[in-house]
Amino acid sequence: MAQTIGQGRQNQADPFGSFRRECVVALKTAYSSLQQTSEHSLTDMSIESTIEDPPNPTFGHLASSLSFELARIQKKKPIEIAKTLAEITRQLSKLNLIESIEATEPGYINFRANLTKLTELTLKSIQQTGPNYGLLKTEAPERTIVEHTSANPARPIHIGTAKNSIFGDTLARLLSARGHIVRTHFYIDDTGRQVAIMAYGYKLLGEPTPVGKPDHYVGKIYSVTATLIEIEELKKRLTLLKKTNLSDMDIVATTKSLDEWVGIAADLRSKYPAEFDQLGKLISLDPDPENSIRELIRKYEKKDPATTALMRRVSRTVLIGFEETLRKARIRFDQWDWESDLLWTGRVAELLERLKESGFTFNKGGALELDVAKTVEKFGLREKLNISPTFEIPSLTLTRSDGTSLYATRDIAYTLYKFERADRVINVIGTEQSLAQLQVKTAFWITGHRKETENFIYFPIGHLMLEGQRMSARRGRYVTFDQVLDETISRAKSEVDKRSPNIPDEIRQRVADRIAISAVRYAILSVEAIKSTNFVWDKVLNFEANSAAFINYAYTRSSGILRKLGKISQPKELNLLIDPGEQALILELSKFPETFSKAADDLNPTLLTLYVNLLAQRFHEFYEKSDISHLSNNELKWQRVELVLAVRTVLKTLAELLGLELAERM
RNA sequence: GGGCCGGUAGUCGAGCCAGGACCAAGACGGCGGCCUGCGGAGCCGCAAAUCGUGGGUUCGAAUCCCACCCGGCCCGCCA
């Protein structure tokens, strides 16, 4: 909690945070008084870190365990110290948001908030600042680049990659709301083998105009081409192995792999018979397909005009499909960076020169290697980069023996590029890349960016399994993001049809879209990014508690109340909201600023999904218990309406942060 | 062999970084209640947890340290 207690944000409303700061100040005052009178010498200590949330409301709203620490030094019982501290605190402090300070067994000091004042502060702040309530601005804004998704433009975005997109997009929303200058970048990995294979197949077919969604159409060509070539290569290797008779183990493994690919091929053939047979014929006419692909890669790196035109054309076709999918999920990018540009502008070559000059590279069979381990030892980076002392860091191949570059090399160049434009770079990438990210980071350090290395942030995304099965894009075993969105929309549509038959179909469709998109985003965000999770349809399609629909339903209910009321009036005061359900709801609202800033600073969107669910839950409880529209006591009615309006404001802000879309009716 | 990350009720999953009232949040599933007043996609209640295992540190450990076990991932002239 310590880092959420900042100075200099007096002008920004943070009701619960203000209460917390008041408790800290009061306790600090009491502690320094104790320091002067105590016969034992008491060192300065962090009062903030002793402040915690009590387990239940009967203990107040915040508590301190300071007495337990002091008990040891003073050789007294914690409860006695607690009583003394509570007494001094009460005497010395001017209490504003604190209602009471009490010492309780076994030695806690419990602070109770003055709920009348907290209510007024919270509701007035929300009323005055509206959509800005809670979005505490950082005191140190940073130009931040969030790179995410960066899917290979060779096949549609699948649900595993979508997890990456959703977290990346949400992080950007959070940081931007926190006051950072954020830009999202999509890194188009177009110089690798996969795009070359895709272009090869596409070219063989005579560059057809896509039928249906372009990424799906071209993705199909890629899968078929890649499979056919894989089989060709495996067959060749098997023949070679049998001829040289080197190792039975290799033969067995290759045969097994071949069998697997033949199975995949059969599957693809049944799905896309026309393309499969056509490509099969065309590829068999090529004496050396593998070489054709290598040629494409080589020529593209050299920016050969015809090759460049082809590669860019086919990549762009796929990217149009990506954009459509991402737009559907409310994900947008500020910039699309072509990996090939890094080569053509000489950035990669420049980087290689710098690395060579550093003296940490060596030649291995014509390939250029970076001695990462040596670098780490030389500069004592183990501690700095948090590397285990027994870990032998492998070297990193920078260029192939034919001189062409590799992904990691280009990624280092890209890192330099990004840091020319930002103070902080966040890479949202799967956990399987953790070693690669470490190597890139180390190389970045070598290039002289010592200070910036601290702001190189790897945000790992845990693997997403599909109903217990590992997804494999290469093997065509995956569910696309489009499928998930479409399925969820159709499911949401039938729910809306069932529950709200009286609204026009056009609106029902729009509502279903919103509920579905939100449901998918919420389901992904509600589990921490790093955890590997199992994608289960039931969870995404669940519209009950702890889902986006549950949150939307709170909003819809509030809309219902307002609709029923028609014209609304301002209450004279805010002194009648004393029901426990109301107070619990207000307390939750008062904590939003702290929750938001912690979520943004810790890069933890999941925290906000938990919070928004809790807020919705408190609202539903309030709704069930407190009448509004049929109240005869007008003052109470308008006070409750004020609370409803406040909840709506905060729900809308949260929806904006998480990329959820709220429907008035559902 | 080495490394990284995870392990919390039948299932999913917060809390762990900054140890404290933890007889551990919340959800799904199970069981039982609540609609002649703002929409039941809701609310109320019950049952369900050796916090992976074993040690250690501490007045106090789900949380910190050590060892081990299980699961995922990585250690390519792939990306």
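Computed from heavy atoms alone, side chains included, the values below leave out hydrogens, waters and symmetry copies. In the text below, chain A, chain B and the rest are named by the order of the sequence lines, each starting its count at 1.
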- Query: Looking at His148(A) versus Phe459(A), is the centre-to-centre ring distance below 6.0 Å?
  - Reply: no

Using a 4.0 Å heavy-atom cut-off across all strands, classify [X] as base, sugar-phosphate, or nothing.
X	value
His620(A)	sugar-phosphate
Ile628(A)	base
Arg563(A)	nothing
Gln439(A)	nothing
Ser500(A)	base
Lys364(A)	base
Gly365(A)	base

- Query: rA61(B) pairs with which nucleotide, Watson-Crick or G-U wobble, both distances below 3.5 Å?
  - Reply: none

Report all interatomic pairs (protein N or O, nucleotide N or O of nucleotides 24-34 of chain B) with separations under 3.5 Å.
residue, atom, partner, partner atom, Å
rC28(B), OP1, Glu544(A), OE1, 3.4

Any carboxylate oxygen within less than 4.0 angstrom of a Lys/Arg side-chain nitrogen, looking at [X] and [Y]?
X	Y	value
Glu528(A)	Lys531(A)	no
Lys625(A)	Glu621(A)	no
Arg640(A)	Glu582(A)	yes

- Query: Leu406(A) has a side chain; which of rG3(B), rG37(B), rC77(B) sits nearest to it?
  - Reply: rC77(B)

Under 3.5 Å, which protein N or O atoms sit close to an N or O of nucleotides 69-73 of chain B? Give each pair with its distance.
residue, atom, partner, partner atom, Å
rC73(B), OP1, Arg470(A), NH1, 3.2

- Item | Axial cation check for Phe619(A) ring with Arg557(A), 6.0 Å and 45° limits | no

